[in-house]
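Structure record follows, encoded as structure tokens.
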Amino acid sequence: MKRFLLITAFLFFSIVPAFAETMAVQALTDISTDEPNKDIRVRVMRDCTLADIPMKIGYVLEGKMIVTDAKRLKRDASFTFYPVNYVDLEGNVVHIPKLYYGKFSPKFEIDTKGLAESAIASVANHFVKGISSGFYAVQGAVQNKQGNPFKSAVANVYEHSFLSYVEKGQPLVIVKETLFGLKFDECENAPMSEVEE
């Protein structure tokens with residue numbers, strides 16, 4: 001009996017629920033959170049299944065967006081896309097009967113240099129209070145982005161201080177042919193082939 005319960009528990013916990021996956025897409029129109037009523041067209045860049053609808057590479061999703069405005073603490077605007085119909089490879093327009101929501105997911109690169117500088121400044125600031133402000137002041141003066149070393153130093157210190165988080169985030173603008181992701185709860189990506197890798 002103990003063995004039966006153990007095997008049952010193991011099988012129960014080994015069943016992995018379906019998690020949301022990101023659908024790789026390419027913008028076919030310029031997308032801006034400043035124009036929330038504009039229709040959006042994106043091309044599917046990887047075979048996947050949206051709920052029970054198979055999406056092949058090259059299919060075009062057409063739909064609308066729901067905008068999340070930029071907020072304080074430098075949180076940039078974002079959007080959620082809901083496809084209304086899709087165009088298959090033969091040019092047939094097929095209406096999508098249910099509403100599926102895909103949240104914007106940027107393709108991002110990690111700035112290792114900036115991350116390392118920030119870590120060094122934080123550790124140094126722990127031992128000597130105010131040294132990180134001095135570091136960013138020198139960095140700003142050396143880079144001299146504003147044409148005046150003093151103004152550049154002050155601006156760089158402000159940008160790297162907690163005071164800069166009072167500013168509002170930026171609107172989101174995606175230019176045509178940019179690659180990004182849409183995270184759908186009902187999406188399941190096909191395994192990557194050797195060609196895609």
Side-chain angles (χ1 to χ4, degrees), residues 20-46 60-83 101-185 187 189 196-197:
E21 288 195 41
T22 303
M23 180 187 292
V25 296
Q26 178 184 33
L28 295 178
T29 57
D30 290 336
I31 301 170
S32 173
T33 55
D34 289 337
E35 301 174 26
N37 296 325
K38 185 178 174 187
D39 290 344
I40 296 176
R41 298 181 74 228
V42 295
R43 178 180 293 127
V44 176
M45 299 305 289
R46 182 175 174 196
V60 175
L61 291 172
E62 300 172 334
K64 301 278 187 186
M65 71 173 157
I66 301 169
V67 174
T68 305
D69 290 327
K71 302 221 177 358
R72 297 229 178 260
L73 300 179
K74 290 188 176 179
R75 288 183 291 183
D76 293 338
S78 186
F79 70 93
T80 301
F81 173 75
Y82 63 95
Y101 295 97
K103 186 164 176 50
F104 168 72
S105 176
K107 184 177 179 181
F108 63 91
E109 302 289 328
I110 297 175
D111 178 17
T112 53
K113 182 182 175 193
L115 191 62
E117 287 177 356
S118 177
I120 290 169
S122 296
V123 169
N125 200 46
H126 178 73
F127 295 109
V128 180
K129 297 296 178 198
I131 199 163
S132 64
S133 297
F135 170 77
Y136 289 122
V138 170
Q139 183 186 43
V142 169
Q143 290 176 349
N144 197 11
K145 291 180 181 176
Q146 298 189 354
N148 180 341
F150 182 73
K151 281 175 77 174
S152 297
V154 171
N156 201 38
V157 169
Y158 174 75
E159 287 173 15
H160 291 91
S161 74
F162 67 93
L163 296 174
S164 68
Y165 285 100
V166 173
E167 294 177 4
K168 196 172 183 179
Q170 301 294 319
L172 177 65
V173 176
I174 301 172
V175 294
K176 185 177 177 178
E177 299 190 7
T178 301
L179 297 174
F180 62 96
L182 293 170
K183 188 176 282 274
F184 287 94
D185 288 338
C187 181
N189 288 323
E196 288 180 87
E197 293 173 352

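Numbering starts at 1 and runs along the sequence shown.
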Practice item. Decide yes or no for Leu182 and Phe79: does some side-chain heavy atom of the first lie under 4.5 Å from some side-chain heavy atom of the second? Key: yes

Practice item. For residues Val173 and Asp30, determine if any side-chain heavy atom of one lies less than 4.5 Å from a side-chain heavy atom of the other. Key: no

Point to revise | Separation between CZ of Phe184 and OG1 of Thr80, rounded to the nearest 0.5 Å | key: 9.5 Å

**Study point:** The single option from Glu62, Arg43, Glu177 passing side-chain contact (heavy atoms from CB on, under 4.5 Å) against Leu28
**Key:** Arg43

Exercise for review: Rounded to the nearest 0.5 Å, what's the gap from CZ on Phe180 to CD on Gln26? Could you check?
Suggested key: 9.5 Å

Check your understanding: Taking atom CD1 of Ile40 and atom OH of Tyr82, what is their separation to the nearest 0.5 Å?
Key -> 9.5 Å

Review point. Given Arg46 and Met23, is the side chain to side chain contact (heavy atoms under 4.5 Å, CB included) satisfied, shown in steps?
Key: CA-CA 7 Å; Arg46 182 175 174 196; Met23 180 187 292; over 6 Å; no

**Study point:** Exercise: identify the closest heavy-atom pair between Lys103 and Ser78
**Key:** NZ-OG, 4.1 Å

Exercise for review: Assess whether atom NZ of Lys38 is packed by more than 12 heavy atoms of other residues, nucleotides or ligands within 6.0 Å.
Suggested key: yes

**Study point:** Gap separating the CZ atom of Arg41 from the NZ atom of Lys176, nearest 0.5 angstrom
**Key:** 9.0 Å

Practice item. Give the minimum heavy-atom separation between Thr178 and Ile174, together with the two atoms involved. Key: CB-CG2, 3.6 Å

Practice item. Determine whether Lys64 and Asp39 make a side-chain contact, defined as any pair of heavy atoms from C-beta on separated by less than 4.5 Å. Key: yes

Check your understanding: Under 4.5 Å between any side-chain heavy atoms of Phe81 and Ile31, yes or no?
Key -> no

Check your understanding: If only atom types and distance count, is the side chain of Thr33 paired as donor or acceptor with the main-chain N or O of Val67 below 3.5 Å?
Key -> no

Review point. Where do Ala27 and Val42 come nearest, in terms of heavy atoms and distance?
Key: CA-CG1, 4.2 Å

